[in-house]
Engineer: 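Take this structure first; my questions come after.
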Amino acid sequence: MPTSVMWKELTAEDLRAKAAENAIVILPIASMEQHGPHLPVGVDTFLCEAVCRGGAEIAVTDVPVVVAPTLWCGMAEHHMAFGGTFTFDIPTYLAVLRAFLTSIARHGFAKVFIVNGHGGNIAAMNAFLPDLTRETGLTLYATTYFDLSRSDLAPLLEDQKGVHHACEVETSMMMVVAPDTVKHDRLAQAFGMLNGDPRKAFPAKRYDSFKEITPSGVVGDARRANADKGEKLLEVCQEGLAATLKNREMWA
């Protein structure tokens, strides 16, 4: 049987060999937060790990790669009012990521690809990247998995051009990745903010709890979701990640 690409499924000896191969370490970062009345709070963690596993399994025939354990907590203050949510503050999140990356570097790995699966992490990750690169000495990239395949996702969708929250995309993908966790009997209530984000009417940014702008906790329309669409969306995201891992110029 082929060797697993998942760090958690390998022995320490296996991982020393991966480091000796100069393998790229994928570090999935996600969240544990409310996802409307129809999806579990672990959506971002389920989906990010599934994309990273699948992308790594495609890429590993061309480039050595291993998927580190998923960091399941992120920046989710805007979901706290619904319950069921964990969140970091900025100093804690930075400290945890620094500790993860330092551990990876101490084991002899030199290349890390942080792959994010939660929109609320993006601003923090971009802000952290210079310091984390300088402090660890790693060749370090960061992305959000659905940004790698944005143009390929859009033609598969009915009402959206990209990923929103607990929406057509995430619900369809969860019907494939963790189908038993989807409450189909609640899909009729699983929509929100269909007329766009009301905050965009103002010329400056402000913070609002999701509960104030989408009582359902959903942005988009999960009523459009189905498993066939989920299979296609998952495949597109995995292939987008694999193509980036195989970009030799990027990882030279």
Side-chain angles (χ1 to χ4, degrees), residues 28-54 70-88 93 115-125 144-147 149-150 153 156-199 207-234 236-238:
I29 62 172
S31 188
M32 194 67 61
E33 64 191 35
Q34 75 82 25
H35 271 77
H38 62 303
L39 292 178
V41 296
V43 166
D44 293 344
T45 299
F46 276 114
L47 296 184
C48 191
E49 183 161 315
V51 169
C52 289
R53 179 192 284 266
T70 303
L71 177 53
W72 58 263
C73 188
M75 303 299 297
E77 177 61 38
H78 48 306
H79 293 291
M80 288 293 286
F82 284 98
T85 299
F86 288 86
T87 192
F88 284 135
Y93 195 28
V115 178
N116 173 46
H118 167 54
N121 292 339
I122 294 172
M125 194 66 255
T144 298
Y145 75 78
F146 39 84
D147 285 341
S149 304
R150 187 179 297 274
L153 292 173
L156 301 174
L157 305 177
E158 295 176 57
D159 291 335
Q160 303 173 205
K161 294 183 179 179
V163 179
H164 295 325
H165 182 77
C167 58
E168 178 183 355
V169 178
E170 291 190 323
T171 305
S172 294
M173 291 173 71
M174 284 296 288
M175 289 175 176
V176 177
V177 173
D180 292 343
T181 69
V182 180
K183 293 187 174 183
H184 289 262
D185 61 332
R186 300 300 303 279
L187 286 174
Q189 295 85 43
F191 62 93
M193 214 189 291
L194 297 181
N195 296 318
D197 188 339
R199 296 169 296 183
Y207 167 78
D208 289 293
S209 167
F210 251 46
K211 199 165 191 178
E212 296 170 2
I213 56 177
T214 173
S216 68
V218 179
V219 178
D221 196 343
R223 295 173 296 183
R224 300 293 195 185
N226 62 71
D228 181 62
K229 187 182 296 180
E231 291 275 9
K232 295 172 183 174
L233 292 167
L234 184 62
V236 163
C237 291
Q238 291 171 340

Engineer: Holding to side-chain contact (heavy atoms from CB on, under 4.5 Å), I want the full list of residues that pass it with Pro179, two or more places apart in sequence or in another chain.
Structural biologist: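 Checked Pro179 against side-chain contact (heavy atoms from CB on, under 4.5 Å); zero matches.
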Engineer: Looking at every heavy atom in both Gln238 and Ala50, which two are closest together, and how far apart are they?
Structural biologist: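 Smallest interatomic distance, heavy atoms only, reads NE2-O, 3.1 Å.
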Engineer: Do you know which two heavy atoms are closest between Val177 and Phe46, and how far apart they sit?
Structural biologist: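 Taking Val177 first and Phe46 second, the nearest heavy atoms are CG1-O, 3.9 Å.
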Engineer: Strictly distance-based, threshold 3.5 Å: is any side-chain N or O of Asn121 a donor or acceptor partner for the main-chain N or O of Gly74?
Structural biologist: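 No, the answer is negative, given that no donor and acceptor are paired below the 3.5 Å cut-off.
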Engineer: Quick one: closest heavy-atom pair of Cys167 and Gly220, and the distance?
Structural biologist: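 Taking every non-hydrogen atom into account, CB-CA, 4.2 Å.
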Engineer: Who passes side-chain contact (heavy atoms from CB on, under 4.5 Å) against Glu231, sequence neighbours left out?
Structural biologist: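 Partners of Glu231 by the side-chain contact (heavy atoms from CB on, under 4.5 Å) criterion, ordered by chain and then number, come out as Val176.
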Engineer: Does the Thr85 side chain pair with the main chain of Met80, one donor and one acceptor, at a distance under 3.5 Å?
Structural biologist: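 No; zero donor-acceptor contacts below 3.5 Å.
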Engineer: For residues Ala76 and Phe86, report the shortest heavy-atom separation together with the two atoms involved.
Structural biologist: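 Shortest heavy-atom contact: CB-O, 3.6 Å.
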Engineer: Taking C-beta and beyond as the side chain, do Pro28 and Arg53 meet within less than 4.5 Å on heavy atoms?
Structural biologist: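 No, side chains not in contact.
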Engineer: Using modelled atom types and a 3.5 Å cut-off, is there a donor and acceptor pairing between side-chain atoms of His78 and backbone atoms of Tyr207?
Structural biologist: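 Absent.
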Engineer: Are Ile29 and Trp72 close enough, and set up right, to give a side chain to side chain contact (heavy atoms under 4.5 Å, CB included), and what steps lead you there?
Structural biologist: CA-CA 6 Å; Ile29 62 172; Trp72 58 263; over 6 Å; no
Engineer: Go through the structure and list residues passing side-chain contact (heavy atoms from CB on, under 4.5 Å) with Ser149, not counting sequence neighbours.
Structural biologist: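 Counting only residues at least two positions away or on another chain, Ser149 forms a side-chain contact (heavy atoms from CB on, under 4.5 Å) with Leu153, Val236.
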Engineer: Name all residues meeting the salt bridge (Lys or Arg N to Asp or Glu O under 4.0 Å) criterion together with Lys229; count only those two or more places apart in sequence or in a different chain, and write none if there are none.
Structural biologist: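 Per chain and number, Lys229 pairs via salt bridge (Lys or Arg N to Asp or Glu O under 4.0 Å) with Glu158, Glu168.
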Engineer: Applying side-chain hydrogen bond (donor to acceptor under 3.5 Å, both in side chains), can you list everything that pairs with Thr144, at least two apart in sequence or on another chain?
Structural biologist: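 Partners of Thr144 under the side-chain hydrogen bond (donor to acceptor under 3.5 Å, both in side chains) test: Asn116.
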Engineer: Only counting residues at least two apart or in another chain, list the ones meeting side-chain contact (heavy atoms from CB on, under 4.5 Å) with Ser216.
Structural biologist: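 Once residues adjacent in sequence are excluded, the partners of Ser216 under the side-chain contact (heavy atoms from CB on, under 4.5 Å) criterion are Thr214, Val218.
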Engineer: What distance do Phe191 atom CZ and Arg223 atom CZ have between them, rounded to the nearest 0.5 Å?
Structural biologist: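 Here the rounded value is 4.5 Å.
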Engineer: Enumerate the salt bridge (charged side-chain N to carboxylate O under 4.0 Å, His left out) contacts for residues 188-197, please, sequence neighbours excluded, ordered by first and then second residue.
Structural biologist: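 Listed once each, the pairs are Asp197-Arg199.
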Engineer: Would you mind listing every side-chain hydrogen bond (donor to acceptor under 3.5 Å, both in side chains) that reaches into residues 178-187, with sequence neighbours excluded?
Structural biologist: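 Pairs touching residues 178-187 that pass the test: Arg186-Gln189.
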Engineer: Quick one: closest heavy-atom pair of Ala81 and Lys211, and the distance?
Structural biologist: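 Heavy atoms only, the tightest pair is O-NZ, 3.6 Å.
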Engineer: So which atom in Ala30 and which in Cys48 form the shortest heavy-atom distance, rounded to 0.1 Å?
Structural biologist: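 Looking at all heavy atoms of both residues, the closest pair is CB-CB, 4.3 Å.
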Engineer: Which residue pairs satisfy the ring-ring contact (aromatic ring centres under 6.0 Å, His included) criterion with at least one member in residues 161-181, sequence neighbours excluded?
Structural biologist: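 For residues 161-181: His35-His165, His79-His165, His165-Phe210.
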Engineer: Does the side chain of Val115 come within less than 4.5 Å of Val51's, by heavy atoms?
Structural biologist: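 No, too far: nothing below the 4.5 Å cut-off.
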Engineer: With sequence neighbours left out, what residues match Asp147 under side-chain hydrogen bond (donor to acceptor under 3.5 Å, both in side chains)?
Structural biologist: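 Listed in chain order: Arg150.
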Engineer: Whether the side chain of Glu170 engages the backbone of Leu47 through a donor-acceptor N/O pair (distance < 3.5 Å, no angle test) should be reported.
Structural biologist: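 Not confirmed, Glu170 side chain does not pair with Leu47 backbone.
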Engineer: What residues form a ring-ring contact (aromatic ring centres under 6.0 Å, His included) with Tyr93, not counting sequence neighbours?
Structural biologist: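 Applying ring-ring contact (aromatic ring centres under 6.0 Å, His included) to Tyr93 gives Phe88, Phe128.
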Engineer: Please, which pairs that meet salt bridge (charged side-chain N to carboxylate O under 4.0 Å, His left out) have at least one residue in residues 33-51, sequence neighbours excluded?
Structural biologist: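 Non-adjacent pairs meeting salt bridge (charged side-chain N to carboxylate O under 4.0 Å, His left out): Lys8-Glu49.
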Engineer: Report the C-alpha distance between Leu233 and Leu157 in whole Å, list the side-chain angles of each, state the deciding distance to 0.1 Å, and finish with yes or no for side chain to side chain contact (heavy atoms under 4.5 Å, CB included).
Structural biologist: CA-CA 9 Å; Leu233 292 167; Leu157 305 177; 3.9 Å; yes
